[in-house]
S.K.: 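I'd like to ask some things about the structure below.
All values below were derived from every heavy atom in this structure, side-chain atoms included, with hydrogens, water molecules and symmetry-related copies excluded. Given the structure is predicted, the values throughout are model-derived calculations rather than measurements. Just so we're on the same page: letters track the sequence lines, and every chain starts at 1.
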Amino acid sequence: MAEVKLLGTWPSPFSYRVIWALKLKSIPYEYFEEDLSNKSPLLLQCNAVHKKIPVLIHGGKSICESLVILEYLEETWPQKPLMPDDPYERALARFWVKFVEEKGVAVWIMFYSSGEEKEKAVKDSLEMLKTIEEHALGKKKFFCGDKISLVDIACGWIARWMEVLEEVAGVKLIEPQKFPRLHTWIENFKDEPIIKENLPGHDEMLVYFKPLAGKAPSR
Amino acid sequence: MAEVKLLGTWPSPFSYRVIWALKLKGIPYEYFEEDLSNKSPLLLQCNPVHKKIPVLIHGGKSICESIVILEYLEETWPQNPLMPDDPYERALARFWVKFVEEKGVAVWVKFFSSGEEKEKAMKDSLEMLKTIEEHALGKKKFFCGDKISLVDIAYGWMARWMEVIEELAGVKLFEPQKFPRLHAWMKDFKDEPMIKENLPGHDEMLVYFKNKH
């Protein structure tokens, strides 16, 4: 099987989505840390449209966008599947991935903004979390059942990045008593051995994200 | 095979995405026109999270979000495939679907705003069109080759809705000489028999969107 390369950055939850999938599926790969203030020629060539990480390079071909990469990994390496077999279950999985992609942005907006914009973002974030709590998890350990799936991976940023953003922005969104299912899911996700071994350090993340609070990110 | 129902609204390009896929794959279905100012109990029950159309109901189970529905149709009815076989080609297809979802669809609403917001929307739209023109189509007839795919279906709103929006918002973004590939694609897409027979009327759409905005 041709070699796999991953271009990423250590504070990026999108980067980690791909790392988790690669590790869970036991796919060997070579990792390259990008400096986004000085993007490598390889990155600019492989992701000409967005110039963003993560980028997966497999046998010389590049695949961009974390969720697209996850589906590609799933189809190219069918072992240790991260998606259910049944088409309806798969549709539900894709529905929730899309939901978190679209609505989860509110948490990042909350982090990067201030004043009225921040207040609205807090409100939107709470609504999103409420929907996940009430509709997505049910009694299951993970989003699709007993095993980690693409949905858990897509939501993985909630399990580590969220607490950092909350701390720096001074807003507590996920109160365990308000979101018991989500809280349990976070604990279970972080306890999974492969996830546990592949999470960025809390303190390093605080140092990284602190100066960014309340300022719109430059791209 | 259990029966298929589609809840949709006639002016919605998201609704049409599903109609095109159903027709292209030869899947029989029953269509229900929703009144969004008076949503049916069925819609509210089947899409409690978003309360939006389209919703596909198959054997009593409901699937929401047009792109999710398309992937579901593709997996459940493999005949007349709308996706390439090769995983890399499929990744490219999904990349371009995501691109139009984020850059295209989200922007068109802003055409009906004014001042700075409208100007930014126009600038973003031009950039999006430019990227598609330069990177997505190449020399192919359709996004994935000679046959219509999920990607063409996802972009289908450009082939009819865009002209209506431009007309109503008084902006001319899509100039054929600036976007020759995209222009050719639009023509080819609208000429496909299954698409041609399943497009909302231009005049009806003008009236509908005029009243809305």
Side-chain angles (χ1 to χ4, degrees), chain A residues 1-2 4 14 18 45-52 55-78 83-103 105 127-128 130-136 150-151, chain B residues 1-2 4 14 18 46-52 55-78 83-103 105-106 127-128 130-136 150-151:
Chain A
M1 183 67 90
V4 174
F14 305 102
V18 184
Q45 179 195 332
C46 289
N47 192 352
V49 172
H50 296 301
K51 304 175 178 49
K52 285 181 174 179
V55 176
L56 191 92
I57 306 169
H58 180 215
K61 294 176 177 171
S62 49
I63 298 107
C64 311
E65 293 292 321
S66 61
L67 297 175
V68 175
I69 295 171
L70 295 185
E71 294 252 26
Y72 175 79
L73 294 177
E74 188 63 4
E75 289 180 356
T76 312
W77 287 270
M83 281 284 265
D85 278 325
D86 172 67
Y88 175 66
E89 300 292 323
R90 292 162 74 87
L92 281 181
R94 288 187 177 117
F95 175 88
W96 286 112
V97 167
K98 191 174 208 285
F99 179 83
V100 170
E101 274 305 81
E102 285 175 6
K103 306 289 181 184
V105 173
E127 263 186 57
M128 170 203 67
K130 192 161 170 275
T131 302
I132 297 173
E133 178 75 21
E134 288 175 17
H135 292 273
L150 234 76
V151 191
Chain B
M1 183 68 91
V4 175
F14 306 102
V18 184
C46 290
N47 193 354
V49 171
H50 297 301
K51 305 175 177 52
K52 284 181 172 178
V55 176
L56 190 92
I57 307 170
H58 180 215
K61 294 176 176 171
S62 49
I63 298 107
C64 311
E65 293 292 324
S66 61
I67 303 295
V68 175
I69 295 170
L70 296 184
E71 295 252 26
Y72 175 80
L73 293 176
E74 188 63 4
E75 290 181 353
T76 313
W77 286 270
M83 279 284 264
D85 277 326
D86 173 67
Y88 176 67
E89 299 293 323
R90 292 162 72 87
L92 282 181
R94 288 188 175 116
F95 174 88
W96 286 111
V97 167
K98 194 173 207 285
F99 182 82
V100 80
E101 282 298 86
E102 286 175 5
K103 308 284 185 187
V105 177
E127 263 187 58
M128 170 200 66
K130 195 162 167 275
T131 302
I132 298 166
E133 179 73 21
E134 288 176 17
H135 293 272
L150 232 78
V151 191

S.K.: Mind checking whether Trp96(B) and Thr131(B) have side chains closer than 4.5 Å, heavy atoms only?
M.R.: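 Contact flag for Trp96(B)/Thr131(B) side chains = yes.
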S.K.: Quick check: are there more than 12 heavy atoms from other residues, nucleotides or ligands sitting under 6.0 Å from NZ of Lys51(A)?
M.R.: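 Above 12, so yes.
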S.K.: Which residue out of His50(A), Glu65(A), His135(A), Lys61(A) racks up the most heavy-atom pairs below 4.5 Å with chain B?
M.R.: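 Result: the option with the highest number of such pairs is Lys61(A).
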S.K.: I need the residue from Phe99(A), Tyr88(A), Tyr72(A) with the largest number of non-hydrogen atom pairs under 4.5 Å to chain B.
M.R.: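 Option with the top pair count is Tyr88(A).
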S.K.: Is Lys130(A) close to chain B through its backbone or its side chain, or both, or neither, when contacts mean heavy atoms under 4.5 Å?
M.R.: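 Looking at Lys130(A), nothing touches chain B.
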S.K.: Would you mind telling me which of Ser62(A), Ala48(A), Gly59(A) has the largest number of heavy-atom pairs within less than 4.5 Å of chain B?
M.R.: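 Heavy-atom pair counts peak at Ser62(A).
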S.K.: Under 4.5 Å heavy-atom distance to chain B, tell me which part of Glu101(A) shows up: side chain, backbone, both or neither.
M.R.: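 Answer is side chain: those atoms of Glu101(A) sit under 4.5 Å from chain B.
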S.K.: Shorter than 4.5 Å, heavy atoms on both sides: which option in Glu74(A), Arg90(A), Glu102(A) has the most such pairs with chain B?
M.R.: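 Going by pairs under 4.5 Å, I would pick Arg90(A).
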S.K.: Is any side-chain N of the basic residue among Arg94(A) and Glu71(A) closer than 4.0 Å to the acidic one's carboxylate O?
M.R.: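 Looking at Glu71(A) together with Arg94(A), the answer is yes, because their closest N to O distance falls below 4.0 Å.
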S.K.: Would you mind reporting whether Val49(A) and Cys64(A) have side-chain heavy atoms less than 4.5 Å apart?
M.R.: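 When only atoms from C-beta onward are counted, Val49(A) and Cys64(A) do not touch, as no gap falls below 4.5 Å.
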S.K.: Given side chains that start at C-beta, do those of Val97(B) and Leu70(B) come closer than 4.5 Å, heavy atoms only?
M.R.: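 Val97(B) vs Leu70(B): side chains apart.
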